[in-house]
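Computed from a predicted model, the values in this text were never measured in an experiment. All ligand and atom numbering here is 1-based and tracks the order in the structure.
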Amino acid sequence: MSTHQWAAIMEGDESYAGSKSFDHFKESIQEIFGYRHVIPTHQGRAAERILFHVTCKKGDVVPNNTHFDTTRANLEFVGAEALDLPIAEGKQPSLEHPFKGNMDVAALEQVIARVGRERVPLVMLTVTNNSGGGQPVSMENVRQVSEVCRRHKIPFYFDACRFAENAYFIKLREKGYESKTSKQIAQEMFRHGDGCTMSAKKDGMANIGGFLCTNDDLLAQQQKDLLILTEGYPTYGGLAGRDLEAIAVGVQEALEEDYLRYRIASTSYLGTHIAQQGVPIVRPPGGHAVYLDARAFLPHIAPTQFPGVALAAELYLQGGIRSVEIGTLMFGAAAKMDLVRLAIPRRVYTQSHIDYVVEVILEVWNHRDQICGLKLEHEAPFLRHFTARLQPIRK
Ligand SMILES: Cc1ncc(COP(=O)(O)O)c(C=O)c1O
């Protein structure tokens, strides 16, 4: 966190109700996101649980460009179907496209026609699309998805974790946005929706926290009632006043363009340097992370033997680099790719750290044929990848 965030932490107001820190938090978020109700939660997944609990039921279908693991699991927990509708380009790792995070709008229309509007309680867009390679969604796509939702009177929510990176990609890549600030772009994007869920651990630049926003008064009341049951009073929702202050500053700092320029440049530096040596990655490099294409990296390991987990384990053994599989272990049969995400912590690494990561990946690339597949030894009934245990399958 920045010095400004740490300074704000020192001024945290820990009053149970009527805390000034909540006012700072709400004002800062409303300035960017623009929604009427801002409900703090301890993390993004708590916001998701509350939103889905009050809006979804068994048999419902919730489309998204690609659901993240926690949104998928929280939907499945209430008996709803989490449906991924990325554009075709988004499913091909090596293909270059400026907005691979886009949703397939024609597929969305077809789903609504097939299952009926009453079974679609909301539509989501994840910006940037974490499970799909950290790829951005264009404003044009946001507009189109919003138009479909308005026409069918379906609420439209953002999974807004990396809203600032997405806004910056729009500035860099979408015609007409070159001279707008990232904040103006984010504000415009959120105007197309009815609310959002957010993990403040991402573009909130904070160590903990999240929030849920909505324009719907009735829904907000139901959400706050549920919040009190598990998270806390609606002016802190499981967070300390100091956390609210850190987020209030962080969401603004995430939109600073010097910061965004450095962040996107260092991710791109890592991606470009390994791709030049032949390492298969999701192209172009994402905002917060570079994604290795584990199926292409380890073609001798079938998806059922978890090539992404095998590669993540090897990176850790070789160089102490912690990454995560986003593939068959995380999503089971719903996995469209087996990726290894190298997420880059904000404001932590210098170029020499990134150079070290490049060296380790190239070492692993050079002995890739010695890496073997894995078999599952233990799995939890949901979100199994957090605690699974696997064993190498030695030939
Ligand atoms: C796109 C997306 N949605 C939701 C979440 C869940 O947020 P949290 O970890 O704060 O529960 C994450 C976390 O990585 C995410 O990347």
ring-ring contact (aromatic ring centres under 6.0 Å, His included) evaluation trace for Y236 with Y16:
CA-CA 8 Å; Y236 71 88; Y16 190 89; 5.2 Å; yes
Check this for me, if you would: do E253 and R347 make a salt bridge, where the nitrogen-to-carboxylate-oxygen distance has to be below 4.0 angstrom?
yes
Sidechain N-carboxylate O distance under 4.0 Å for D13, R242:
no
For W6, which fellow cluster members are found when Ile, Leu, Val, Met, Phe, Trp and Tyr are connected by side-chain heavy-atom distances below 4.5 angstrom, either directly or through intermediates?
M1, I9
Does S146 offer a backbone N or O that forms a donor-acceptor pair with the side chain of R151 under 3.5 Å?
no
For ligand 1, what is the set of protein residues having any non-hydrogen atom at a distance below 4.0 Å?
Q43, G44, R45, E48, F68, T70, T126, N130, D159, C161, R162, S199, K201, K202
Step by step, would you call F33 with F158 a ring-ring contact (aromatic ring centres under 6.0 Å, His included)?
CA-CA 10 Å; F33 292 71; F158 290 95; 9.0 Å; no
